[in-house]
Each structure stands twice: as C-alpha cells, then as structure tokens.
Amino acid sequence: QVQLVQSGGGLVQPGGSLRLSCAASGFTLDDYAIGWFRQAPGKEREGVSCIGGSVGYTWYPDSVKGRFTISRDNAKNTVYLQMNSLKPEDTAVYYCAAKPFPCSGSYPEYDYWGQGTQVTVSS
C-alpha cells in the first residue's frame with residue numbers, strides 16, 4: 001500500500017519552531033516530487049514548499065521563504081518541513097503530498113497525500 005504518514009504538528013507560540021515529518025511506505029520518496037500544502041478554514045489550499053526533480057531543487061512561496069526549510073532523509077524514506085519564526089497566520093492543517101517529477105504548486109496534480117496535521121500558532 002502507498003502511504004504517507006505525517007507527524008509533528010501541535011501548538012506553538014509565535015516566533016517558535018516546529019518540525020513536520022512525512023514518512024513514506026510503498027514507494028521511494030526520492031523518486032517523487034514531494035510538496036507541503038496548508039489549508040486554513042475558509043481559505044484555498046496553499047503550497048508552502050516542494051522538493052524533487054533536479055538535484056537540490058526546492059521551492060517556497062514568499063510567505064514562508066527564509067522561515068521554512070524542506071529536506072529529505074533517504075535512509076528513513078522521510079521528508080521534513082522545518083518551520084521557524086512561526087506566525088499566527090501560519091495556523092492551518094498541513095499536508096504532505098507526492099507526485100511524479102517535477103514540483104508543482106497545484107494540489108490536484110498530487111497523487112498521494114498524508115492525513116494532515118494541525119499546526120496552531122498562538123499566544
């Protein structure tokens with residue numbers, strides 16, 4: 001079975017940090033582009049990062065660039081999203097997703113999805 005299992009969400013203070021994990025089974029993560037998306041209530045699903053395709057390729061929108069970092073651990077078949085300097089507007093359900101190369105910010109193009117994890121940034 002193809003699965004993406006997420007962990008690492010929770011409640012954090014503004015300015016704090018959180019690391020999300022996305023562990024794959026049934027396929028090898030580094031053969032795919034892996035994206036992170038988030039969705040807040042009443043808002044469109046928004047891409048916040050992607051890794052894959054060309055060696056070293058990563059993508060971030062301006063809203064998170066410099067604060068979020070995506071990485072792979074091929075030995076663990078896991079992708080991470082390190083989130084630093086978190087802001088209340090980062091509050092959302094975060095999803096990891098996989099598609100064939102290359103990266104895309106369009107969520108309908110992704111074939112496999114994690115279950116989602118809540119990230120809440122609040123004082």
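Between Tyr112 and Tyr32, the ring planes are perpendicular. Angles over 60° get that label, and only those under 30° would be called parallel.
Between the side chain of Thr69 and the backbone N or O of Gln82, no donor-acceptor pair lies under 3.5 Å. Between the side chain of Asn77 and the backbone N or O of Phe27 there is at least one donor-acceptor pair closer than 3.5 Å. Not a single donor-acceptor pair under 3.5 Å links the side chain of Thr28 to the backbone N or O of Asp30. Using modelled atom types, no side-chain atom of Ser63 and backbone atom of Pro61 make a donor-acceptor pair closer than 3.5 Å.
In the hydrophobic clustering of this structure, Val12 groups with Tyr94; members are Ile, Leu, Val, Met, Phe, Trp, Tyr whose side-chain heavy atoms approach within less than 4.5 Å, directly or through other members. Val93 and Trp113 fall within a single hydrophobic cluster, where Ile, Leu, Val, Met, Phe, Trp and Tyr side chains are chained together by heavy-atom contacts under 4.5 Å. In this structure, Val2 is a member of the same hydrophobic cluster as Leu29, with clusters built from ILVMFWY side-chain heavy atoms closer than 4.5 Å. Under the 4.5 Å side-chain heavy-atom criterion for ILVMFWY residues, no single connected hydrophobic cluster contains both Phe37 and Val119.
The side-chain heavy atoms of Ser123 and Pro14, taken from C-beta on, include a pair separated by under 4.5 Å. In this structure the side chain of Pro100 reaches within 4.5 angstrom of the side chain of Asp111, judged on heavy atoms. The closest side-chain heavy-atom distance from Arg67 to Asp90 is below 4.5 Å. No side-chain heavy atom of Val121 sits less than 4.5 Å from a side-chain heavy atom of Gln13. Counting only heavy atoms from C-beta outward, the side chains of Arg72 and Ile34 approach each other to under 4.5 Å. Taking the side chain as every heavy atom from C-beta outward, Cys50 and Ile70 never approach each other to under 4.5 Å.
More than 12 heavy atoms of other residues, nucleotides or ligands sit less than 6.0 Å from atom CD of Glu89.
For the pairing with Ser104, the side-chain contact (heavy atoms from CB on, under 4.5 Å) check across Pro108, Pro102, Ser106 returns one residue only, Ser106.
Here the OG1 atom belonging to Thr117 is positioned 6.5 Å from the CD atom belonging to Gln6, to the nearest 0.5 angstrom. One finds the CZ atom of Arg38 at 4.5 Å from the CD atom of Glu46 (value rounded to the nearest 0.5 Å).
For Cys103 against Ile51, the heavy-atom pair with the smallest separation is SG-N, 3.4 Å. Between Leu81 and Ser49, the shortest heavy-atom distance links the atoms CD1-CB, 4.0 Å.
Arg19 and Tyr80 share no side-chain donor-acceptor pair at under 3.5 Å. In summary, the side chains of Thr120 and Gln118 do present a donor paired with an acceptor at a separation below 3.5 Å, with no hydrogens or angles considered. A donor-acceptor pair shorter than 3.5 Å cannot be found between the side chains of Ser25 and Gln3.
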Tyr60 and Thr58: CA distance, side-chain angles, deciding distance, side-chain contact (heavy atoms from CB on, under 4.5 Å) verdict: CA-CA 7 Å; Tyr60 310 90; Thr58 58; 3.7 Å; yes
Verdict with reasoning, Asp73 to Thr78, per side chain to side chain donor-acceptor pair (under 3.5 Å): CA-CA 5 Å; Asp73 185 334; Thr78 298; over 6 Å; no
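Taking the six-membered ring for Trp and the full ring otherwise, Tyr95 and Tyr110 have centroids separated by 6.0 Å or more. Ring to ring, Trp36 and Phe68 are not that close: their centroids are 6.0 angstrom or more apart.
Annotation: cation-pi geometry satisfied between Arg45 and Tyr107 (NZ/CZ under 6.0 angstrom from ring centroid, within 45° of ring axis).
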